[in-house]
Amino acid sequence: MSIVDQTREGDILVLTINNPPVNAFSPGVPEGLHAGLDAAEGDEGIRAVVIIGGGRTFVAGADIKTFDLPREQAPDLRGFISRLDAFPKPTVAAIHGTALGGGLEIALACHYRVATKDAKMGLPEVKLGVLPGAGGTQRLPRVVGVQKALEMMLSGNPIKATEAKELGLVDQLVEGDLREEAVAFAREHANTRPLPRISERTVEGVSPQVFAAAREGIGKTHRGQLSPGFIIDLAEMTTTQPFAVGWEEEARLFMAAKDSPQSRGLRHIFFAEREAGKIPGLTRDTPTTDIRSAGIIGAGTMGGGIAMNFLNAGIPVTIVETGQEALDRGLAVIRRNYENTAKKGRLTMEDVEKRMSLLTPTLNMEDLADADIIIEAVFEDMGVKKDIFTKLDAIAKPGAILATNTSTLDVNEIASVTGRPEQVIGLHFFSPANVMRLLEIVRADRTSDSVLATSMALARRIGKVGVVVGVCDGFVGNRMIHRYGDEARKLVEEGANPQDADAAMNALGLPMGPFQMSDMAGLDVGYLIRQHQAKVRGLPKPDGWLDRIVERGRKGQKTGAGIYDYGEDRKPRPNAEVAQLIEDYRAEKGLESRELSQEEITERLVYSLVNEGAQILDEGIAQRAGDIDVIYIYGYGFPAHRGGPMGYADEVGLKNVVAALEKYGQTPAPLLRRLAEEGGSFAGWDRAKSQA
Ligand code: 3H9
């Protein structure tokens, strides 16, 4: 089997692309396709060409791994597309699986498109910080209209073949054998002339308002990003310029977007997310168990949110509480959440009832005896957790996974009270657990490979991005956020306003800065942790400015007042009393106040994450720097187009990060210093580790 097979079906030539797993347009594919077109052109007996994908899909687009190659070495998708568009004999794209990015662009340059009913097609380039660069911005609006094309290109989400048929993007849906029907279709249209070329169509009657609205929209959905604006400009050109002009401009803007740090960041995240799913030592053959039922202990905010993930995936849940009132309250919250989603039209009331019917409330822990997985989600107290796991050990069936949702406690210690520590794992959901996509999967010393592999598969099934981490205080995400929180408080001691710190992070693209986030999480949580840690270490009672705010009863959003004030709209507003409290605090402690630039604030906050991240890597708590980036994007709102904190540090240059840390009087972590001295990067460290 060659990378592009040529098979003759009488007067039709079928070109099958065989580049598993997703038939990306990698080196070798254009050569194979050109050879096919040469053959078709040179043989009078061939009247039409069908292009089809071998394996599970059509073409998933340009090969993202080739984006960093010099232009002359990268596969020439645009060159192939130009030839396809001008090809003198009819061409038919036969689509199954997905036709994405360059894949859909190939299909759009064909004269006809047929697709299986379950196929999907889209232009997801925006998710990689680029734009459809092989004619997509010029052809899609000419077929489906500007409005729909903008929607598809700006969201990057694919549409189903059935919708594509209604939009005229697909000429025929196929129920039976795709190849056979595509060949028949090609034969039927073999003599049609002139050939229908999308590039020859015109777009008319589009109000300029459409583009104005789209520009306003991306200010909210893609704040600070480059490529969405380019996409709108290019779509607009379809209404004002001939195809050839838009086609050239598209090439120019594609290169500008591709070579931007934003695209490098997003591409890094694309691969990091996929790498995160790979665990050294585990293979496809590692046995997993099928999770058919779940038990959850605790019907509070966390337990309820976790339950919803399972119910959404159709997995029955038994939820346990200690008192009827708490149980009823927990259930009511779940129902209300679902009903609110239904009000927004994203669920039907039938769906709501179906999900609720999968939920069994109980006060009796023994009812968990049949559950395939049990997740404990009670408050953070080692004594309580040990007590629960001792009971679970007696109740749970053999082979059941016993998971804790602890965000800080030692999973090894929790596992030690059971007679089956190999079945114990940490599953750290992030609040709100039904919304946040991150799941830290905490591998304890004795967690079995099978439990780990099952947990990873389960994460995917319930729509989470699972990342494996090791046991330490706060695991990866919270351990880093504690350092960041400390730094944020110090910035305020030195003279910054809380709103300065938040504004710096908002400018970087984080929806919430450190103090907006603390107010949302509840200031009392951090307060209690600090008090507890001081007590355990025999240190005096903490008395920072933030502690004093909490002691005034300002606990954050939930009390309408924290570092900021909150009204009905939940928008933070600076409070004069807090400003005075901070000023008094500085005066009392003899702290000199100075003006801090946004640059200093940004560097100190982000590099505090990077520095702790490097230490975490060195200790083996995270497997890869890319894993840390995935954690920060899905768990803490770090913007993907910045590449996550570690990717961001790579982009800045580790030497510069070390120099900045030293300038601010901080000690760079040994791994960070070493990589900087070697001229290395975190991405390079990940690569070297994966090859070791
Ligand atoms: C483009 O087309 C630009 C043009 O407009 C202009 C050019 C001039 N390249 O996700 P999975 C790998 S931009 C290279 O786990 P799934 C992936 O890394 C492109 N590699 O599978 C993974 O490798 P590994 C626009 C790719 O079934 C393996 O394939 N297209 C590419 O869950 C399996 O992937 C896109 O953005 C690629 N294009 O999902 C589509 N795609 O096994 C991006 C995948 O070593 N791809 N790989 O970890 C996807 O959205 C999903 O991969 C897809 C399959 C839905 C196709």
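These numbers come from a predicted model, not from an experiment. All residue numbers in this chain count up from 1 along the given sequence. For ligands, and for the atoms within them, numbers begin at 1 and follow the listed sequence.
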Q: To the nearest 0.5 Å, what is the distance between CG (Leu140) and NZ (Lys148)?
A: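 Here the interatomic distance stands at 9.5 Å.
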Q: Only one of Arg264, Arg267, Gln73 clears side chain to side chain donor-acceptor pair (under 3.5 Å) with Asp68; which?
A: Arg267
Q: Hey, is atom 27 (O) of ligand 1 under 4.0 Å from any protein heavy atom?
A: yes
Q: Identify which of Gly277, Gly133, Ala251 has a heavy atom lying nearest to atom 6 (C) of ligand 1.
A: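 Looking at heavy atoms only, Gly133 sits closest to atom 6 (C) of ligand 1.
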Q: Using a 4.0 Å heavy-atom threshold (strictly under), name the region of Lys258 that reaches ligand 1: side chain, backbone, both or neither.
A: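 Answer for Lys258: neither.
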Q: Arg624 versus Lys689: any side-chain heavy-atom pair under 4.5 Å?
A: no
Q: Side chain or backbone of Glu105 under 4.0 Å from ligand 1, or both, or neither, by non-hydrogen atoms?
A: side chain
Q: Considering only heavy atoms, does Thr57 approach ligand 1 within less than 4.0 Å through its side chain, its backbone, both, or neither?
A: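 For Thr57, no heavy atom sits under 4.0 Å from ligand 1.
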Q: Which protein non-hydrogen atom lies closest to atom 56 (C) of ligand 1, naming both residue and atom, and how far is it?
A: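 Of the protein heavy atoms, Ala60 CB, 3.6 Å lies nearest.
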Q: Between Arg292 and Asp290, is a salt bridge (charged side-chain N to carboxylate O under 4.0 Å, His left out) present by the stated rule, with each step listed?
A: CA-CA 6 Å; Arg292 291 204 207 104; Asp290 190 16; 3.2 Å; yes
Q: Look at atom 3 (C) of ligand 1 and find which of Ala24, Gly61, Ala62 reaches it with the closest heavy atom.
A: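 Ranked by closest heavy atom to atom 3 (C) of ligand 1, first place is Ala62.
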Q: Any donor and acceptor pair, going by atom type alone, linking the side chain of Asp686 with main-chain N or O of Ala625 inside 3.5 Å?
A: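 Side chain of Asp686 to backbone of Ala625, a donor-acceptor pair under 3.5 Å: yes, one is there.
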Q: Does some non-hydrogen atom of the protein lie less than 4.0 angstrom from atom 23 (O) of ligand 1?
A: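 No; the ligand atom in question lacks any protein heavy-atom contact below 4.0 Å.
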Q: Identify the closest protein heavy atom to atom 16 (P) of ligand 1: which residue and atom is it, and at what distance?
A: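 Among all protein heavy atoms, the one nearest atom 16 (P) of ligand 1 is Arg56 NH1, 4.0 Å.
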Q: For atom 14 (C) of ligand 1, find the nearest protein heavy atom and state the residue, atom name and distance (0.1 Å precision).
A: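 That would be Asp63 OD1, 3.2 Å.
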Q: Let me confirm one number: the CD-NZ distance from Gln623 to Lys278, rounded to the nearest 0.5 Å.
A: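 It comes to 11.5 Å.
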Q: Please state which protein non-hydrogen atom is closest to atom 41 (N) of ligand 1 and give its distance, to 0.1 Å?
A: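 Among all protein heavy atoms, the one nearest atom 41 (N) of ligand 1 is Val22 CG2, 3.6 Å.
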Q: Given the protein's heavy atoms, is any one of them under 4.0 Å from atom 53 (C) of ligand 1?
A: no
Q: Hey, is Glu105 close enough to Arg139 for a salt bridge, meaning N to O under 4.0 Å?
A: no
Q: For atom 5 (O) of ligand 1, grab the closest protein heavy atom and report residue, atom and distance to one decimal in Å.
A: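 Going by distance alone, atom 5 (O) of ligand 1 is nearest to Glu125 OE2, 2.6 Å.
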Q: Give me the residue, atom name and distance of the protein heavy atom closest to atom 51 (C) of ligand 1.
A: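 Checking every protein heavy atom, the shortest distance to atom 51 (C) of ligand 1 gives Arg274 NH2, 4.0 Å.
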Q: Please report whether atom 12 (C) of ligand 1 has a protein non-hydrogen atom at a separation of less than 4.0 Å.
A: no
Q: Identify, for atom 48 (O) of ligand 1, the protein heavy atom at the shortest distance, and state residue, atom and that distance.
A: Lys278 NZ, 2.7 Å
